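As the structure is a prediction and not an experimental result, all values here were calculated from the model. In what follows, chains are A, B, ... by sequence order, proteins preceding strands, each numbered from 1.
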2 protein chains.
Amino acid sequence: MTTITDVARAAGVSPATVSRVFNGGRVTPERAARVRRAAAELGFEPNRVAQSLRKQRGSVIGLLIPDIENPFFTSLARGVEDAAQQTGLSVVLCNTDEDIDKERRYLGIALAEQMAGVIVAAASRTQTDLSPLAARGMPAVAVDRRPRGALVDAVLVDNQYGGEAATEHLLRARYRRIACVTGPEGASTSEERLAGYRSALRDALADGTLTPEDGDDPLTAYVRYADFKVGGGRAAMADLLAMERPPDAVFVANNLMAVGALEVLREAGVTPPEFGVLSFGGVPWAGLVRPSLTTVELPSYELGFTAAKLLQERIAGSEKALQTVVLRTGLSVRDSTGGPHDDAEGQGRLRAPSPLG
Amino acid sequence: MTTITDVARAAGVSPATVSRVFNGGRVTPERAARVRRAAAELGFEPNRVAQSLRKQRGSVIGLLIPDIENPFFTSLARGVEDAAQQTGLSVVLCNTDEDIDKERRYLGIALAEQMAGVIVAAASRTQTDLSPLAARGMPAVAVDRRPRGALVDAVLVDNQYGGEAATEHLLRARYRRIACVTGPEGASTSEERLAGYRSALRDALADGTLTPEDGDDPLTAYVRYADFKVGGGRAAMADLLAMERPPDAVFVANNLMAVGALEVLREAGVTPPEFGVLSFGGVPWAGLVRPSLTTVELPSYELGFTAAKLLQERIAGSEKALQTVVLRTGLSVRDSTGGPHDDAEGQGRLRAPSPLG
DNA sequence: CCCGGATTTGAAATCGATTTCAAGTGGAAC
DNA sequence: GTTCCACTTGAAATCGATTTCAAATCCGGG
C-alpha cells in the first residue's frame, strides 16, 4: 500500500507538503504538480482510517432504519445515499429490526467508528436514546419518527394531515363505517395518523355527514392497534370483520399492514371497492393488486435526501437552531375506494364502476 | 471521550496492560479486575478507528449489491448481517445500482476504509474487477453472480437446475409453447437459467413430449432477453404476446421481470393458469397476487449467511483452496401453472381447475 | 544592500490503540 | 544462598495521515 510518505519520497518533498497538496494548503504550483504526478504514478489513495483518527471524524454516516424489507425505508435510504454521495460521504446502512438493543448497539458502533453523523428512524419513541451522541458532539438527524425529547433536527411526514385527507376521501366516497388500523401505541407515526382519522370523523359528525350509531363511540369503535407488520394487519382486519356491525371501509396506517388486511379481505370474499381500502404508504408492485389500491403517498426519497442534507450542514459545523422539516403527503386515488355498492337508496354513484367490478 | 490512557491512569497501570486485559493478554487477575472496574466506571469503549489503523484491518465488512429494492437482495443482506453479528463485525451495505462505476467507487472505499473484507454480488460478470482487493490482500467472496476470472470464493445458486426444474414443471402441466424471458446477455445468472430451460426442452423433444413446430427452432423462438427489471419484463412479454403463434406459458428468469410480465398479461386479458406463468425467485407480497404464482424458490438468506461465514474464515486467515458453494433451488407449485384449458381434445386435466378459474 | 513581512517548507507532535522488547518480579530447584 | 526460568509489566515504537511551529525563503521598499 502506498502511503503519503512514499509519495513524499518519490516527489522529493515532505509528507506535510503532500498532505497540503490534497487538502488545499499553500504549495507552489511546480511542487504541487510534482506531488500529483508522483501520487498518480504510485496510485496513492489516502488511508481513510488514518485520516479519521487524526481528524477525529470519519467520512461515513450511519443510517439506522427499523426494517430494511419495507420499501418505504429502502427508498428513504436511496435518498440519503444520493445526497451523501454529492459530498463524498459513504452511508452505512444499519437494520435495527425495530429492536431497541440492536439499535443501541449500532449507536455504540457509530461512536466507536467515529462516524461523521447518523440519521435515525427510531425503533422506539420512548426508548431510543440519542443523548450519548450529543454528549460526544456527534451530529444526528431523526427521520420519519421523532424520538421523545431528543435535541436533534428532524425530518418528518405530516402524518396527521395525511390521515385526515385519507379519511375525508373515504367519507366523500360515501363510506360510513370507516375503520382505522393503526400502528403500535406510543409510536409517533401511529398516533398522528390516528389523530388525523379522528379529526376527520369529528368534522364529519359536526357537519352532519356522519351520524353516530347507537351505543358506539364512532371515534373509537372501529380503531385497532397493530404492529406495522403484515401479520398485525391480518389480525386487526380479521377482528374488524368479526364485529357485529362490521365496517364498510378501512384506513390502514401503513403499507405492510395494508397487505395483511387485503389478504384477510380476499379470504373473506369481501372485495374493494364495495369495501373501501386505503393504505398509508405505497405497496410494492402495487400494479399487480386488483383492484388498484388508493394510497397516501409518502415522500420517502425526499425524506432521506432532506435528512442527509441537514446532517451535512451540522457536520460542516452549522450552529443554526434545531429545525424540524415536515413534508406533505399526497393522495393517489385508485380503484379500491370507488365507493360502496348502491343500496336501495338509488343515489347515483360518484364514480363509474371499474370494468372488472 | 475516554481513551485507553485514561483507563490506565485511573487503574494505576500502563496502557499496554489495559490493552492486554481486553485482548486476552496475560495479566494478573487482581490487576485485570482493577482495569475492568476503571473501564466500566469511565464508560470506556475502544476507539475502533485507532484499532483499525494499528491492526491494519477494520471490523466492518462491505456488502455490494446491485439493487437494494429487490427483496432477493435485502433478504440476502439479512443473512450476511446475522452471520456477521455473531463475530462482532458490522456490515456496510453498498447499493451499486447495477452501475459499474458506482461499484468501482465502493470497492475503492472498501480499500481506503481498510474493511475486513467484502461480499460482492457483481454488477457485471465481465467488467467487475476484484483484483485490486486481491492485490492488497483483502478477502472477498462473490455471491449470486460470479465475476469472470476472479480468484475468490463464491456462493451461488444452482441456476441451471432451477431453470430445468421450472421448465419441466411447465411441460408436465401440459403447456407446449413455453417462452423464456431471461436477463441480460452475458450475466451468468441469465445464461444459466436459460441453459436450464433449453436443456429441459431438449429432453422433451428427445422423448417426444414436445414436437417441433414447422419452421421454428423451438429452443430459441420463444426466448427473449431483458434487463432483470419490471420494465424489461413488460417489454419482453408484450413482444411474446404479439407473435403469430404466441406462447401458452412463460418462464421468467427473475422476480421483477415476472411482475412486469404479469402486468402485461393482465392488461391483455390473458390470465393464468390458462397461460402458465412461472417466476425464478419469489415476488414480494405474493399473497396478494391472484392466481398465486408458481416460483422457483431461492435460498437468498442462506446465500448471504454462507457467504459471510466463508468470508469470516478468510478474514481469520484460512488458506484453504478457493471454494464455490452451490445452493439448490426449490420449486413452489401454486395456481399460476395449473395447466392450460382443455381444447377440443377432450383429455382429462391433471389438475382440478382453481375455484376462481 | 539591508530589512520587514509574507509565503513556503519540513520536523515533529498528535490522534488512540497494539505490540515488541527489555526489565522486573517471584518461585522452584539445587 | 544462588541460579534459572517463567511470567508480568511498562516504555516506546508503530500504524498513516494532519497540523503546529519554527525555520527558510522570497519579495519589494527604502
Sugar-phosphate, base or nothing in reach of A:Phe22, heavy atoms under 4.0 Å: nothing
Donor-acceptor pair between B:Tyr301 and B:Asp82 side chains, under 3.5 angstrom: yes
Spacing of A:Glu30 atom CD relative to C:dT8 atom C1', expressed in whole Å: 13 Å
For atom CG of B:Asp6 and atom P of C:dC15, their distance in whole Å: 11 Å
A:Thr28 side chain near C:dT9 phosphate (N/O to OP1/OP2, under 4.0 Å): yes
Pairs: protein N or O with nucleotides 11-14 of chain D N or O, under 3.5 Å:
residue	atom	partner	partner atom	Å
D:dT14	O2	B:Arg54	NH1	2.6

Presence of B:Arg31 side-chain N/O under 4.0 Å of D:dT9 phosphate oxygens OP1/OP2: yes
A:Gln56 vs D:dT18: side-chain N/O to OP1/OP2 distance below 4.0 Å: no
Short side-chain N/O contact from B:Gln51 to OP1 or OP2 of C:dG16, under 4.0 Å: no
Separation of C:dT18 P from B:Arg48 CZ (nearest whole Å): 12 Å
Interatomic distance where CD1 belongs to B:Ile4 and P belongs to D:dC15 [whole Å]: 18 Å
Distance-only side-chain donor-acceptor flag, B:Glu103 / B:Thr128, under 3.5 Å: yes
A:Thr74 and B:Glu69 side chains, donor-acceptor separation under 3.5 Å: no
Candidates B:Gln51, B:Arg48, B:Gln114 - the one meeting side-chain hydrogen bond (donor to acceptor under 3.5 Å, both in side chains) with B:Ser59: B:Arg48
Rounded interatomic separation in angstrom, taking CG from B:Leu53 and P from D:dA17: 9 Å
Interatomic distance, A:Arg34 CZ vs C:dT9 C1' [rounded to whole Å]: 12 Å
Touch class at under 4.0 angstrom, heavy-atom based, for A:Val49 against every strand present: nothing
Euclidean distance, atom NZ of residue A:Lys55 to atom C1' of D:dT19 [Å, nearest integer]: 11 Å
Sugar-phosphate, base or nothing in reach of A:Val27, heavy atoms under 4.0 Å: sugar-phosphate
Sugar-phosphate, base or nothing in reach of A:Ser19, heavy atoms under 4.0 Å: base
Sugar-phosphate only, base, or nothing, as touched by A:Val13 at under 4.0 Å among non-hydrogen atoms: sugar-phosphate
Proximal nucleotide (of D:dT8, C:dG16, D:dA17) relative to the B:Arg26 side chain: D:dT8
Minimum heavy-atom distance B:Met1-B:Asp6, with the two atoms named: O-OD2, 3.7 Å
Atom pair CD1 (B:Ile68) and CZ (A:Arg78), whose distance is rounded to the nearest 0.5 Å: 7.0 Å
Nearest-0.5 Å distance that lies between atom CG in B:Leu63 and atom OH in B:Tyr106: 11.5 Å
Contact under 4.0 Å: B:Asn23 side-chain N or O vs C:dT18 OP1/OP2: yes
B:Thr3 side-chain N/O to C:dC15 phosphate OP1/OP2 under 4.0 Å: no
Between CG on residue B:Asp97 and CD1 on residue B:Ile100, distance to nearest 0.5 Å: 12.5 Å
